[in-house]
Amino acid sequence: MRDAIGRALRRAIASGALPGPEDAAALDALIHGIEVEVPASSDHGDYASNIAMKSSKLLKRAPAQIAAAIVAELAAEAGERIHGGDGALGPIASASVAGPGFLNVRLRAGLLADLLDAMIAAPNAWGHLAQNTREKPLRVNVEFVSANPTGPLTVGNARGAFVGDLLSRVLEAAGQEVTREYYFNDFGEQVRRLGESVIALRDGAEVAEDGYKGDYVAELATAIPPDVATRASAARASGATSTDDDEVAVIGKWASERIRRGIQASLAALGVEFDVWRSEGSLYTEGFVDRAIEKLRAAGWLEERDGALWFKSTAFGDDKDRVIKKSTGAYTYFGSDIGYVEEKFGRGFDHLVYVWGADHHGTVARVRNAGEALGYAKEHMEMLLVAWVRFVRDGVEMSMSKRAGTFVTLDELLEEIGVDSARWYFASRSASTAIDFDIKAATARNSENPVYYAQYAHARMQSILRKGEAEGMKASESIGDLLNDEATPDAKLARVIVRLPEVVEDAAAHHETQGVTTYATELATAFSAFYRDAKVVDSSAATLSSQRLRLVAAAATSLAASLRLLGISAPAEM
RNA sequence: GCGCCCGUAGCUCAGUGGAUAGAGCGUUAGGUUGCGGACCUAAAGGUCGUGGGUUCGAGUCCCGCCGGGCGCACCA
């Protein structure tokens, strides 16, 4: 559609109907970015474009004049195709000018049927954008959750987990190659503190003020396997004092790995699986941090000051320079970040996405600056900041203190509300908005909860298909003339069914998923209206029934595909 | 004090510079003894926090103010 309008505009200029622009590059940019949308009202056609108004200034003509010229070219093109040419019918039936210069386009009636038939021929591909085989797919790294394994995941981690996974699914559907990645710290202060806490409880002592006090720590203390206990006592007997191999390190490392496996299991229960688990320590042992630092040093972006090593972040617009290596000789977390950027791009990714809690926004600039200093483009390091969630029950915010051990774990939350419900809840809200998660509303298994509305519609579609089968009816081989009259319930439903690829494209382009939930709701609503107005299985109208069975199958395919995109099940029965 | 995010219907939230700002819930009035009622139709409900600006056109972009959240370490 964009192509057709762009071509028509160029032809109108070429033919002299419109004056050429002074700035040809600006015209190219304009045509490249042509906006086409589905109007709110079908009175305005199937598609509408504002290109005439956009190009008005550049072409120095009134929007209505430009739109009229485009319409004339579109009409001429449609005529050529119909009367020979390559034999293929163009998609556009008619075009008109409306309002201040909107270009309204109506599609050829048969197009809907063609689209539907094509989609049913390849149902598994539906919802995945067609691949341009000449273009290499974009390789994207999506790093998310990345909570340090010092305790089980809490409800606070839930949003990041879903947002990262949902984004990954959308990008994959759009043809990108996605690696889901979890970054965690398996050494350092927090893990030592965990080790100390476990040892204290094992020995019947009190956990230090800044230690970990949750029930899970006590469980760890009683679950130390014999070989770990042996190594721990050996370390103590030898009087090892290095933070790499003393008793605290041995116990801490074991505890943290055990917790990490628990986290992995919790996430798997949400349908979230990671391709790569990357430990912070490995960035040092494998030399990535050193190599990145050398690269920065060679480029002149480092500075020794007060005994510490600084990155000149201010040269890239940051408020202050940032320490990479402390005067004690230890690296900061930022040092790890730099090594990690180098490591990720070294694996060949075109684009990095970091899904971070909003409280990390202060570190966005320095990491991107360091990446730029290492020679990578800023626009390929994207930090998706996920806003805070208040968990509310009956209007009261739930207390969430990790220190006091009163937090609610992710497992507990999911047990209560279910994965499908939670996925829908987070998918339907933009990540940057702080939200109140009303547990009661998300739990309701009725019409209050849109996820069940969409699932129910799918179950009803399947039920109709079963009924048709039971009565010996088969879906027809093609949709035939069922959709020719655009005012019928059938055509109205079909128009919604075929929109999924646009929805996927938009979601991938904007890195957001709300559009998918909106689409699933719209499709379910459209089906409900169809269901009310049209009888599908009707033994007195065999042809119509078989065509409608095909339409219902298409609706089910599209609804299931949109739910799959969200990682939500599409049940055949409820 | 500085920086980032947010403010849209009674509630929870969508909204890509475009036409009459939407959805679900809630409220009100109806329908549906039929392929699944976990349904459908309709109504009421909005100074898009506020004041300027840019634009043919602003909920959307820019600036100020008000309100809320989160950050401002040689912590992780």
Side-chain angles (χ1 to χ4, degrees), chain A residues 35-37 39-41 43-44 48-50 53-54 56-57 62-63 98-102 104 148 150 185 188-191 193 280 305-310 318-320 322-336 357-365 385-388 390 392 395 425 428-438 441-442 444-457 459-468 470-471 506 509-510 512 514-515 517-518 521-522 524-525 528-529 531-538 545 548-549 552 573-574:
Chain A
E35 292 167 44
V36 174
E37 59 175 17
S41 159
D43 293 344
H44 295 131
S49 178
N50 57 7
M53 288 175 284
K54 286 269 194 222
S56 173
K57 190 169 266 179
F102 284 104
N104 291 340
N148 280 338
T150 52
N185 186 345
E189 209 43 48
Q190 290 193 19
V191 172
R193 221 171 280 169
E280 188 180 348
R305 198 193 309 157
D306 307 329
L309 186 64
W310 298 71
D318 202 352
D319 297 338
K320 44 188 109 168
R322 306 290 175 176
V323 171
I324 293 176
K325 195 180 195 176
K326 297 181 255 183
S327 52
T328 61
Y331 288 94
T332 62
Y333 195 77
F334 179 49
S336 309
D359 56 343
H360 281 65
H361 73 256
T363 58
V364 170
L385 297 176
V386 176
W388 193 249
R390 291 172 72 231
V392 175
Y425 198 96
S428 61
R429 287 150 172 86
S430 79
S432 61
T433 311
I435 52 177
D436 286 359
F437 190 109
D438 187 328
R445 290 184 185 272
N446 55 34
S447 57
E448 286 176 38
N449 194 332
V451 71
Y452 296 111
Y453 179 76
Q455 290 182 318
Y456 179 73
R460 190 147 69 174
M461 291 169 190
Q462 294 296 342
S463 167
I464 291 175
L465 295 174
R466 283 194 297 272
K467 166 119 180 161
E471 300 202 2
D506 281 354
H510 294 100
E512 63 189 24
Q514 305 91 284
T517 57
T518 304
T521 304
E522 276 174 23
T525 302
S528 290
Y531 173 80
R532 180 189 68 233
D533 297 331
K535 190 162 172 64
V536 178
V537 178
D538 183 351
S545 291
R548 281 185 168 160
L549 281 170
V552 171
E573 295 173 34
M574 289 177 76

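These figures come from a predicted structure and were not determined experimentally.
- Both stacking criteria are satisfied for A:Phe102 over the base of B:rA19: a centre-to-centre distance under 5.5 angstrom and an angle between ring planes under 30 degrees.
- Checking B:rA76, B:rC35, B:rG18 against every side-chain atom of A:Glu189, the shortest atom distance belongs to B:rA76.
- For the pair A:Gln514 and B:rC13, the criterion of a side-chain N or O lying under 4.0 Å from OP1 or OP2 is not met.
- Donor-acceptor pairing under 3.5 Å is recorded for the side chains of A:Glu280 and A:Ser336.
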Dump the pairs, protein N or O against N or O of nucleotides 6-10 of chain B, anything under 3.5 Å, distances to one decimal.
none

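- Of the P atoms belonging to B:rC72 and B:rC61, the separation is 27 Å, rounded to the nearest Å.
- Pairing of B:rC13, defined by two Watson-Crick or G-U wobble distances under 3.5 Å, is identified with B:rG22.
- Side chain of A:Thr332 to backbone of A:Ile324: a donor-acceptor contact under 3.5 angstrom is found.
- Heavy atoms of A:Ser528 sit under 4.0 angstrom from primed sugar atoms or phosphate atoms, though from no base atom.
- Under 4.0 angstrom from either OP1 or OP2 of B:rC25 there lies no side-chain N or O belonging to A:Tyr425.
- Using a 4.0 Å heavy-atom cutoff across all strands shown, A:Leu465 reaches no nucleic acid atom at all.
- Side-chain nitrogen and oxygen atoms of A:Ser430 include at least one within less than 4.0 Å of the OP1 or OP2 phosphate oxygen of B:rA14.
- You'll find that the side chain of A:Ser327 is closest to B:rC74, out of B:rC70, B:rC74, B:rA23.
- Residue contacts for A:Glu522: at a heavy-atom cut-off of 4.0 Å it reaches no nucleic acid atom on any strand shown.
- For the P atoms, the distance linking B:rU12 with B:rG49 amounts to 15 Å, nearest Å.
- In this structure, CD1 of A:Ile324 is placed 17 Å from C1' of B:rC75, rounded to the nearest angstrom.
- On a pure distance criterion of 3.5 Å, a polar donor-acceptor pair joins the side chain of A:Asn104 and the base of B:rA19.
- A:Asp319 comes within 4.0 angstrom of nothing in the nucleic acid, heavy atoms only.
- Figure legend. B:rG64 is base-paired to B:rU50; pairs are counted as Watson-Crick or G-U wobble with both atom distances under 3.5 Å.
- Computed from coordinates, the A:Asn449 CG to B:rU12 P distance equals 17 Å when rounded to whole Å.
- Taking atom C1' in both B:rG1 and B:rA9, one finds a spacing of 37 Å when rounded to whole Å.
- Panel note: side chain A:Asp306, backbone A:Ala308; no donor-acceptor pair is recorded below 3.5 Å.
- OP1 or OP2 of B:rA38 sits under 4.0 Å from a side-chain N or O of A:Tyr456.
- You'll find that the side chain of A:Tyr531 is closest to B:rC35, out of B:rG18, B:rC70, B:rC35.
- Taking the side chain of A:Asn185 as heavy atoms from C-beta on, and the options B:rA76, B:rU16, B:rG18, the nearest nucleotide is B:rA76.
- At a threshold of 4.0 angstrom between heavy atoms, the contacts of A:Ala330 with the nucleic acid are absent.
- Contact annotation for A:Ala457: no contact, since no heavy-atom pair falls under 4.0 Å across all strands.
- One side chain, A:Thr433 or A:Ser430, offers a donor N or O that lies under 3.5 Å from an acceptor on the other.
- Contact check, A:Lys326 against B:rC75: a side-chain N or O comes under 4.0 Å of OP1 or OP2.
- The closest donor-acceptor contact from the side chain of A:Ser463 to the backbone of A:Ala459 lies at 3.5 Å or more, if one exists at all.
- Positionally, the nearest nucleotide of RNA chain B for A:Phe437 lies more toward the 5' end than for the other of A:Phe437 and A:Ala358.
- Residue side chain A:His360 does not reach the base of B:rG71 through any donor-acceptor N/O pair under 3.5 Å, judged by distance alone.
- Of the candidates B:rC72, B:rU16, B:rU12, the closest approach to any side-chain atom of A:Asp436 belongs to B:rU12.
- Side chains of A:Tyr331 and A:Leu309 form no contact here, defined as non-hydrogen atoms less than 4.5 Å apart.
- In this structure, the side chain of A:Ser545 engages the main chain of A:Val536 through a donor-acceptor pair within 3.5 Å.
- The residue A:Lys467 sits close only to the backbone: its heavy atoms come under 4.0 Å of sugar-phosphate atoms, none of a base.
- A close approach under 4.0 Å does occur between a side-chain nitrogen or oxygen of A:Arg532 and OP1 or OP2 of B:rU41.
- Residue A:Tyr333 has its side chain nearest to B:rA76 when only B:rG24, B:rA76, B:rC70 are considered.
- Both A:Arg466 and A:Phe334 sit near RNA chain B, but only A:Arg466 has its closest nucleotide nearer the 5' end.
- Across all strands shown, A:Glu512 has heavy atoms under 4.0 Å from sugar-phosphate atoms exclusively, and none from any base.
- A side-chain donor from one of A:Tyr453 and A:Thr525 sits under 3.5 Å from a side-chain acceptor of the other.
- Using modelled atom types, no side-chain atom of A:Arg305 and backbone atom of A:Trp310 make a donor-acceptor pair closer than 3.5 Å.
- For the P atoms, the distance from B:rG64 to B:rC25 is 41 Å, rounded to whole Å.
- Within the nucleic acid shown, A:Lys325 has no heavy atom closer than 4.0 Å to any nucleic acid atom.
- Pairing partner, B:rA73: none, since no Watson-Crick or wobble contact has both distances short of 3.5 Å.
- Pairing for B:rG34 is absent, with no Watson-Crick or G-U wobble pair whose two atom distances lie under 3.5 Å.
- Between the A:Asn185 side chain and the A:Asn148 main chain, no donor and acceptor come within less than 3.5 Å of each other.
- Listed nucleotides B:rC39, B:rU12, B:rC35 differ in distance to A:Ser463; the shortest reach to its side chain belongs to B:rC35.
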